[in-house]
Amino acid sequence: MKTLVGKFESFTDLEQYRSALKDRAAGVDCVIRVCCGPGCIPKGASKVYEAFRQAAEEADDKTVSVVPKLTGCQGLCECGPIVTLDPGGIFYQHVQEGDVAEIWRESVLGSGVVDRLLHHDEKTGQAARTTEGVPFYQGHQRIALALCGVIDARSIDDYIAAGGYQALAKALGSMKPEEVLDEVYRSGLRGRGGGGFLTGRKWRSAREAHGEPKFVIANGDEGDPGAFMDRALMEGAPHAVIEGMIIGGYAIGSSNGYIYVRDEYPIAVQRLRDAVAKAREMGLLGENILGSGFSFDIRISRGGGAFVCGESTALMASLEGRVGEPRAKYVHTVEFGFRNKPSLLNNVETWANVPAIIGRGADWFAGIGTAKSKGTKVFSLVGKVKNTGLVEVPMGMTLRQIIYQIGGGIRGDRPFKAVQTGGPSGGCIPAAYLDEAVDFDRLTELGSMMGSGGMIVMDEDTCMVNIARYFLRFLKEESCGKCTPCREGIAQMLHILDEIVGGRGTSGDLERLQELAVLLEDTALCALGKTAANPVLSTVRYFRDEYQEHIENHRCPAKECRGLFRYQIDAAACTGCGVCRKKCPVEAITGKKKEPHLIDADKCTNCGTCFDVCRFAAVKKV
Amino acid sequence: MSQPQLGPPPTCQSPEHTCGVSVVHEIIERYGGNPEMLIPMMQDIQAAEGYLPREHLRTLGRELGVPLSRIYGVATFYAAFRLQPKGKHTITLCMGTVCYLKGADQISAVIQDEFQVKPGGTSPDRKFTFAPVNCLGACALAPVMVVDGEYFGGLSASSAVDILQKIASSKKPSEAVAKADAKQKTAAQKNGRGSQNP
């Protein structure tokens, strides 16, 4: 094929290159996609990819052309490493290095499948050959993640072949900046980082703001614990973010882009760096992009591990090399942001939606989702759910569909208790609201929020007071300390929760918590402080009984808070093996060999060692 | 927790930069001497030395015209910066919500107890630096820790300590990993048997 020499100088250059790439792809007999997303890498996916790569390199039969691709997240992290093969869309799970030879023999050279690596239905045991037979994949609609898991995450060629940078060419070639703005506005796209602010309106303000130069910034500082959507996106389809940003720059009249990414995500940093360098090399970034006369470039900036830097003003302070402290927001960052210049900041997922909107039109996008929340949302579905993974579904899908159909329900088929959404600024939603549609406004009404898209499922073993305490402790650590309500208020709330969890709660604690919550919401400087009480408020709202049980009866109904429940040995299940007796640090357990043992409640310190070491599940929490 | 102190000078092993100054100069050069790039420069210094040595920060401040107080402010504000040298191994323990639900707190407690190390600190024998982080984004493996780049998922308090003790005593890290894997498999079988502590 014709290889690219130098830069694309026109839209035709790009299209010619794309069709050459497609011709090349048509000659490929087999594509092997090895998921190297956040869930699969720790399970050994890199070795699996390497094995396929070597096999392809050393294959004797050169007439068969096989292309192994290292892809971003393919979704079902629970069953990783995942490998999919085309043609046929064969879906393999739990693939290890040792399985590669067999897959190669059966599915690459032959036309069979390796049955033991297929997904088997939990109940019927029936094997699914493709993702169509895997319940987890039903109902997904990928827009932001459209190419994540499909293309080789490191390859700009793959991105271009799949239609990448087509939207950019369309915007630069046939649309005025106002028209681009209009399209984004009409699509109804709202900020995916948490706030849900109308993206088009933000863009318009940035365009209308006075001051030069203007800046375009992507927020990749995904700090919510239990969330890895942005990481998956930046690692799996970095060019989607870059393309969105260039279009944004064109719309508002900016030539300077920054991507702020967490330093804890080294692969994402590397992928973005490489992607930017490659795009620059090919003339998709830099001066006179595609011969349009428009210039734009991007720099990558790494965060320093501070949650508050996900807040827009703190992020900009951090970009300027300062301590990441937020400032009052009545001065809008679209007017006075980074370097005190007009700055347009969007979450990376928001940016990744932009090429699709421009490419396929605002009407198409606005046709997906609910009345006020358009498009799709990426969630990381985690916690005590059977299928941990990354899902992108249309707005308006119910929590039940996401947790039970896609997620497969609760681990061990235990009863569902609550789902936590929105990270530390969000809240816990109980079972009564499982049939609620998930969109920005409904989640807010329920006392939680969309946030960046973490969805943490909890079963009956999770104590709601303790989970509220977890988030408060997190926020206390992450509070920057600039404003007093946040610095002192969260600490006080945490103190009260510590007392409750420790069995020292007193009547009036709930009122004090609520008073502090109102104070924080009214007076804290930034969203971190203003929403800090949400985890407490939502759990008090839905699980008041549980708080009262802790405070009044010093009991933890979920049996999680140490000291607020006891351990007992079930005489029927105890085999008298003596392991717990030997391991008990305070010699509280007595009993003869092969006879049921007994815990002396007076001596027991509730350390839980017996519970952990018992191999017969005879130690119970009561 | 006591205020962090500026660390001791580095024990430099490279003949080219006995005092560390040339490292800093090279890094400043990399970013065109732009004080706005202070954080990336500090990240690079830490990548080169394992921590932020006092002399390096002084040099950096002098060259960029940024007061040391501000550099110290940045160094102590961001969790990723260290003012003390690192241990031989780094334990990155995920404290994200999912890991917490599945017992990361207990794991953190036993690690601190067993190796006499505080979060962000280094054990007295310099074997381990303990770095709990907000979230590693590897929720499918919760509770999870990373030791020197190697992931260990599905931990319990006891299996975490076992793994670390083996890493501490093992000459070949891979051996420790293999043993730990076997151990985890037994633990997984055990957990599969029904209601059990997460």
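A note on names: the letters A, B, ... follow the listed sequences, proteins ahead of strands, and every chain is numbered from 1. Computed from a predicted model, the values in this text were never measured in an experiment.
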Trainee: Tell me which of these, A:Gln420, A:Glu325, A:Arg322, has more heavy-atom pairs under 4.5 Å with chain B than the rest.
Mentor: A:Arg322
Trainee: Is it the backbone or the side chain of A:Arg302 that comes under 4.5 Å from a heavy atom of chain B, or both, or neither?
Mentor: both
Trainee: Distance-only criterion, 3.5 Å: show the donor-acceptor pairs between side-chain atoms of residues 472-481 of chain A and protein atoms not counting sequence neighbours.
Mentor:
{"unit_1": "A:Arg473", "atom_1": "NH2", "unit_2": "B:Asp105", "atom_2": "OD1", "d": "3.1"}
{"unit_1": "A:Arg473", "atom_1": "NH2", "unit_2": "B:Asp105", "atom_2": "OD2", "d": "3.3"}
{"unit_1": "A:Glu478", "atom_1": "OE1", "unit_2": "A:Phe307", "atom_2": "N", "d": "2.9"}
{"unit_1": "A:Glu478", "atom_1": "OE2", "unit_2": "B:Asn134", "atom_2": "ND2", "d": "3.0"}
{"unit_1": "A:Ser479", "atom_1": "OG", "unit_2": "A:Gly481", "atom_2": "N", "d": "3.4"}

Trainee: What part of A:Ser318 lies closer than 4.5 angstrom to a heavy atom of chain B: side chain, backbone, both or neither?
Mentor: both
Trainee: Under a 4.5 Å cutoff for heavy-atom pairs, which residue among B:Gly73, B:Cys94, B:Ala140 has the most contacts with chain A?
Mentor: B:Ala140
Trainee: Does the cation-pi check pass for A:Lys621 over A:Phe611, that is, NZ or CZ under 6.0 Å from the six-membered ring centre and within 45° of its axis?
Mentor: yes
Trainee: Quick one, B:Leu101 and A:Ile467 - any side-chain contact, counting heavy atoms below 4.5 Å?
Mentor: yes
Trainee: By a 4.5 Å heavy-atom criterion (distance strictly below it), what part of A:Arg262 contacts chain B: side chain, backbone, both, or neither?
Mentor: side chain
Trainee: Parallel, tilted or perpendicular, judged at 30° and 60°: which one describes the rings of B:Phe128 and B:His89?
Mentor: tilted
Trainee: Which one wins on heavy-atom pair count under 4.5 Å against chain A: B:Val66, B:Val98, B:Val144?
Mentor: B:Val98
Trainee: Measure A:Asn387 against the heavy atoms of chain B and call it side chain, backbone, both or neither at under 4.5 Å.
Mentor: neither
Trainee: Which side-chain N or O atoms in residues 108-117 of chain B pair as donor and acceptor under 3.5 Å with protein atoms at least two apart or in another chain?
Mentor:
{"unit_1": "B:Ser108", "atom_1": "OG", "unit_2": "B:Gln112", "atom_2": "NE2", "d": "2.9"}
{"unit_1": "B:Glu114", "atom_1": "OE2", "unit_2": "B:Gln165", "atom_2": "NE2", "d": "2.8"}

Trainee: Just one of A:Asp221, A:Val269, A:Asp230 clears the side-chain contact (heavy atoms from CB on, under 4.5 Å) bar with A:Val261, so which one?
Mentor: A:Val269
Trainee: Taking side chain as everything from C-beta outward and backbone as N, CA, C, O, which of these in B:Met95 sits under 4.5 Å from a heavy atom of chain A? Side chain, backbone, both or neither.
Mentor: backbone
Trainee: With only heavy atoms counted, which part of A:Val308 is less than 4.5 Å from chain B, the side chain, the backbone, both or neither?
Mentor: side chain
Trainee: Do B:Tyr31 and B:Asp44 have side-chain N/O donor and acceptor atoms under 3.5 Å apart?
Mentor: yes
Trainee: Test your reading of the model: is there a side-chain donor-acceptor pair from B:Lys102 to the backbone of A:Lys384, 3.5 Å cut-off?
Mentor: no
Trainee: A:Gly44, A:Gly39, A:Gly383, A:Cys77: which one forms the most heavy-atom pairs within less than 4.5 Å of chain B?
Mentor: A:Gly383
Trainee: With only heavy atoms counted, which part of B:Leu136 is less than 4.5 Å from chain A, the side chain, the backbone, both or neither?
Mentor: backbone
